[in-house]
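Contents: one structure, followed by commentary.
One-based numbering, in listed order, for ligands and for the atoms of each.
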Amino acid sequence: MIDSRLISIETRLSAIRFEVDAGGRLWQLGYGAKDEAADGRQVAYPAGGNGWVFEPAIQAIHADGNTSTDLRVIDVTELENEFRIDLRDPEYPFCVSLNFRTYPDQDVIESWTEIWHEESGVVTLGAFASFAPAFGKSDHWLTQFHGDWADEVHMAEEKLGYGIKILDSKLMVRAQQFRSPYFLLSRGAEASEDEGEVFGGALSWSGSFQFLFEKLPSGDLRANLGMNPYGSAYRLKPNHRFTTPKMVMGWSGQGKGHLSRNFHTWARHNALRDGDRPREILLNNWEATYFDFDEAKVLDLMEKGKDLGMEMFLLDDGWFGQKYPRDGDDQGLGDWIPDVAKLPNGISPLCERAQELGLRFGIWMEPEMVSPRSELFEGHPDWAIQQPKRELEVQRNQLVLDLLRPEVREYIFDLIDRTLSANPGISYVKWDCNRYVTQPGSTYLSSEEQSHLSIDYTRALYEVLEKVAERHPQVELMMCAGGGGRVDYGSLKYAHEFWPSDMTDPARRVFIQWGYSHFFPAISMGCHVTDMGKRSLKFAFDVAMSGRLGMDVDVSKLNDEELSFSRMAVEAYKDIREVVQLGTQYRLESPYAGPRSGVLYSYDCSVVVFIFSLGEASGDQRVQLKGLQADTRYRIEELLPAGLGVSLETLGSELMADGLDVGPMAAYTSRVFKLEKQ
Ligand code: DGJ
């Protein structure tokens with residue numbers, strides 16, 4: 001045991017403080033502004049069964065059946081940006097380490113837990129939070145991001161009252177279909193864009209998660225944040241280490257906007273692959289053709305795409321299957337061999353033609369899945385996740401492969417490796433995943449360890465993704481799970497971007513992109529122009545141009561006017577690409593607040609402002625800008641103007657105080673302005 005002491009884990013503006021008392025117990029003293037006194041003193045990382053009667057951060061059944069744990073600090077390691085607090089049960093060789101890594105400039109603290117023991121047998125873990133912060137006695141408002149397929153990340157805010165509020169997923173795979181693993185928590189008032197204290201939390205984990213908030217009878221709010229313990233009791237053998245995923249926590253004293261900007265910078269440098277390399281504009285054939293294409297159609301799309309200025313072509317679902325050709329979503333998953341009826345010469349001629357055209361080539365895969373109607377399933381019915389004695393439940397006519405089986409991991413890696421090695425022209429993979437788990441049983445795990453499936457599945461997935469990234473470092477990855485079912489910092493570690501939603505109607509996309517923008521930078525969001533919603537091409541382009549632009553349209557069906565507008569829009573995007581993808585984002589007007597929405601990006605000497613109208617014209621025709629230099633003059637020019645583009649010079653201070661006049665805007669129209677510092 002060590003002497004009593006204070007531990008202060010600090011970023012530039014925030015701090016979380018702990019105290020070790022004379023008995024070696026660990027207390028949390030506060031979390032928030034660095035220069036403010038601690039609001040309350042709470043048991044840190046409370047363990048169940050020995051006095052703590054609220055939700056425990058950790059719960060263990062020891063080898064001898066004792067259901068209580070008592071943790072005392074035995075060591076503290078403080079390095080420059082790394083902190084580790086080692087705890088041990090005085091009566092059992094059972095140890096817990098609380099780890100923290102700080103990112104001072106972004107006020108981000110990553111936290112994770114390691115658990116191991118040297119008891120005489122297995123210890124069963126029933127709770128294992130990555131981070132268990134206490135937030136003090138103030139009033140708190142919680143914002144969650146919920147939704148469904150093609151309807152992701154609705155933001156819903158509520159004041160937390162006494163008792164427990166849980167945000168979770170139990171879906172294991174495509175785990176975020178109904179809720180995302182991030183939240184905002186504001187203190188003292190509802191979260192505002194530019195003022196007030198707000199925390200942001202995001203779990204780097206693609207599996208089931210649980211954020212549990214409990215307002216104690218004392219009025220203190222505390223939380224257990226991490227993997228979902230539901231159905232996941234973990235039998236930990238002696239001398240094995242159980243490491244939780246990382247909880248990424250940000251803090252801002254200047255509202256949500258500042259918090260998000262910090263997350264964007266943090267993510268671009270620490271979470272996303274190649275976060276400082278601008279992304280290319282791609283043409284995808286999903287909404288253009290669905291499953292109905294052949295070699296000639298793909299070649300035609302590539303050629304027409306090139307003519308529009310596209311830089312990459314992405315071949316989506318439907319290119320594979322021999323005995324069970326993938327002509328619809330009812331068969332073929334698992335049989336990753338080109339369908340000779342559609343592509344008699346395989347993928348190579350497509351890659352070669354792309355290369356000749358100067359386009360990059362990408363391909364869609366859904367490696368974790370198998371169709372019951374597939375040669376793979378016929379050969380290996382036990383490879384699918386299933387519950388004995390229960391009828392197999394399909395979703396989108398498919399089952400999830402049991403990645404805990406080494407031979408399944410090997411199969412998946414081989415399939416990707418073979419496809420990429422045989423076609424060196426492929427430099428992009430869209431990794432899809434179109435169902436969640438409803439029958440979590442494994443034919444591989446012993447009956448005692450069935451409850452390991454959920455956690456070990458995600459670990460196994462990461463093992464495969466890691467191997468793929470190591471073997472093919474130059475290949476970019478898009479994370480997709482039937483849209484935004486897997487948008488988290490855990491999977492983005494292996495990816496360059498994600499597919500936010502199968503909802504591509506720009507009118508709804510404005511909300512979806514707004515929601516994701518709270519944690520993810522524009523460079524990570526694939527945003528495609530499609531026909532959905534039958535909006536104007538300008539509106540569709542403008543919305544897509546506020547992220548990583550792409551098109552998902554049968555370009556052969558565009559008329560001359562549409563073609564020339566598209567060409568112009570693609571050209572315009574190339575001009576502003578760095579500003580959007582590498583710039584600093586300011587959210588100007590929320591689509592939730594009313595008929596208009598706006599977002600601004602600023603990079604070096606350039607600024608780009610996107611204004612979207614989603615309803616009847618609002619009375620106020622001015623939009624206040626943010627993030628400009630007050631005493632600098634900006635030359636303003638409209639991109640893709642509907643009428644005459646303005647071109648004038650205005651002081652930053654005026655644009656921020658009085659606003660930019662965007663005129664009356666009809667529903668589902670948009671304007672984009674480029675500002676250059678003079
Ligand atoms: C779901 C994805 O979100 C779509 O973009 C598309 O790739 C389909 N799957 C293909 O099945």
Side-chain angles (χ1 to χ4, degrees), residues 147-153 171 173-178 180 206 282-293 298 301 312-321 324-336 338-339 342 361-371 373-374 394-400 416 419 426 428-436 476-488 491-492 495-506 508-509 512-513 516 524-533 540 544 547-554:
D148 201 342
W149 173 74
D151 196 20
E152 290 85 346
V153 290
L171 307 183
V173 175
R174 195 200 197 183
Q176 300 147 25
Q177 175 147 351
F178 305 123
S180 302
S206 312
L282 71 84
L283 178 65
N284 186 195
N285 72 312
W286 177 241
E287 286 188 43
T289 64
Y290 294 105
F291 296 98
D292 185 17
F293 60 84
V298 174
L301 284 175
M312 170 149 56
F313 181 81
L314 168 61
L315 179 63
D316 215 286
D317 195 355
W319 57 269
F320 51 90
Y324 299 105
R326 182 81 173 160
D327 293 329
D329 67 14
D330 56 340
Q331 61 181 29
L333 286 177
D335 301 345
W336 301 99
D339 170 5
K342 282 183 194 151
F361 191 81
I363 197 159
W364 178 95
M365 289 187 191
E366 195 175 3
E368 298 153 80
M369 300 287 158
V370 62
S371 308
R373 281 170 63 78
S374 67
V394 290
Q395 265 180 20
R396 207 194 191 211
N397 309 303
Q398 65 195 59
L399 300 164
V400 184
I416 300 167
T419 311
I426 300 179
Y428 181 98
V429 171
K430 176 177 179 182
W431 183 299
D432 205 347
C433 166
N434 281 290
R435 73 158 290 178
Y436 52 82
E476 285 183 21
L477 207 70
M478 169 194 257
M479 247 335 132
C480 172
R486 194 178 263 165
V487 181
D488 58 80
S491 59
L492 279 181
H496 295 74
E497 58 183 22
F498 63 88
W499 180 236
S501 179
D502 278 350
M503 169 50 66
T504 53
D505 176 350
R508 173 72 191 113
R509 266 287 177 138
I512 293 173
Q513 292 169 203
Y516 284 121
S524 63
M525 276 186 232
C527 300
H528 295 181
V529 172
T530 73
D531 285 342
M532 208 180 278
R548 193 278 288 135
L549 175 69
M551 281 183 94
D552 207 329
V553 167
D554 186 346

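- Against a heavy-atom cut-off of under 4.0 Å, Asp317 is close to the following atoms of ligand 1: 10 (C), 11 (O).
- Each of the atoms 3 (O), 5 (O) of ligand 1 lies under 4.0 Å from some heavy atom of Trp499.
- Atom 3 (O) of ligand 1 has its closest protein heavy atom at Asp502 OD1, 2.5 Å.
- The proximity of Lys430 to ligand 1, defined as any non-hydrogen pair under 4.0 Å, is limited to the side chain.
- Note: Phe291 and Trp286 have perpendicular aromatic rings, judged against thresholds of 30 and 60 degrees for the angle between ring planes.
- When all heavy atoms of Asn284 and Leu314 are compared, the pair lying nearest together is ND2-O, 3.1 Å.
- Protein heavy atom in closest approach to atom 9 (N) of ligand 1: Asp432 OD2, 2.6 Å.
- Residue-level proximity to ligand 1 for Arg396 is carried by the side chain, the only part with a heavy atom below 4.0 angstrom.
- Side-chain contact check for Val429 versus Glu476: every heavy-atom pair is 4.5 Å or farther apart.
- Atoms of ligand 1 lying under 4.0 Å from at least one heavy atom of Cys480, given by number and element, are 2 (C), 3 (O).
- Ring geometry, Trp364 versus Phe320: the interplanar angle falls under 30°, so the pair is classed parallel (tilted spans 30 to 60°).
- Ion pair Asp316/Lys430 flagged as a salt bridge, since at least one NZ, NE, NH1 or NH2 atom sits closer than 4.0 Å to an Asp/Glu carboxylate oxygen.
- Annotation for ligand 1: atoms under 4.0 Å from non-hydrogen atoms of Gly482 are 1 (C), 3 (O).
- Taking only nitrogen or oxygen atoms, main chain and side chain alike, Gly483 reaches within less than 3.5 Å of ligand 1.
- Of the candidates His528, Arg486, Met479, His528 is the only one forming a side-chain contact (heavy atoms from CB on, under 4.5 Å) with Trp499.
- Heavy atoms of Asn434 found under 4.0 angstrom from ligand 1 belong exclusively to the side chain.
- Heavy-atom distances between Glu287 and ligand 1 stay at or above 4.0 Å for every pair.
- Heavy-atom proximity to Asp316, at under 4.0 Å, picks out these atoms of ligand 1: 6 (C), 7 (O), 10 (C).
- Asp317 approaches Phe293 most closely through the heavy-atom pair O-CE2, 3.5 Å.
- Salt-bridge annotation for Asp151 and Arg508: present, with a side-chain N of the basic residue lying under 4.0 Å from a carboxylate O of the acidic one.
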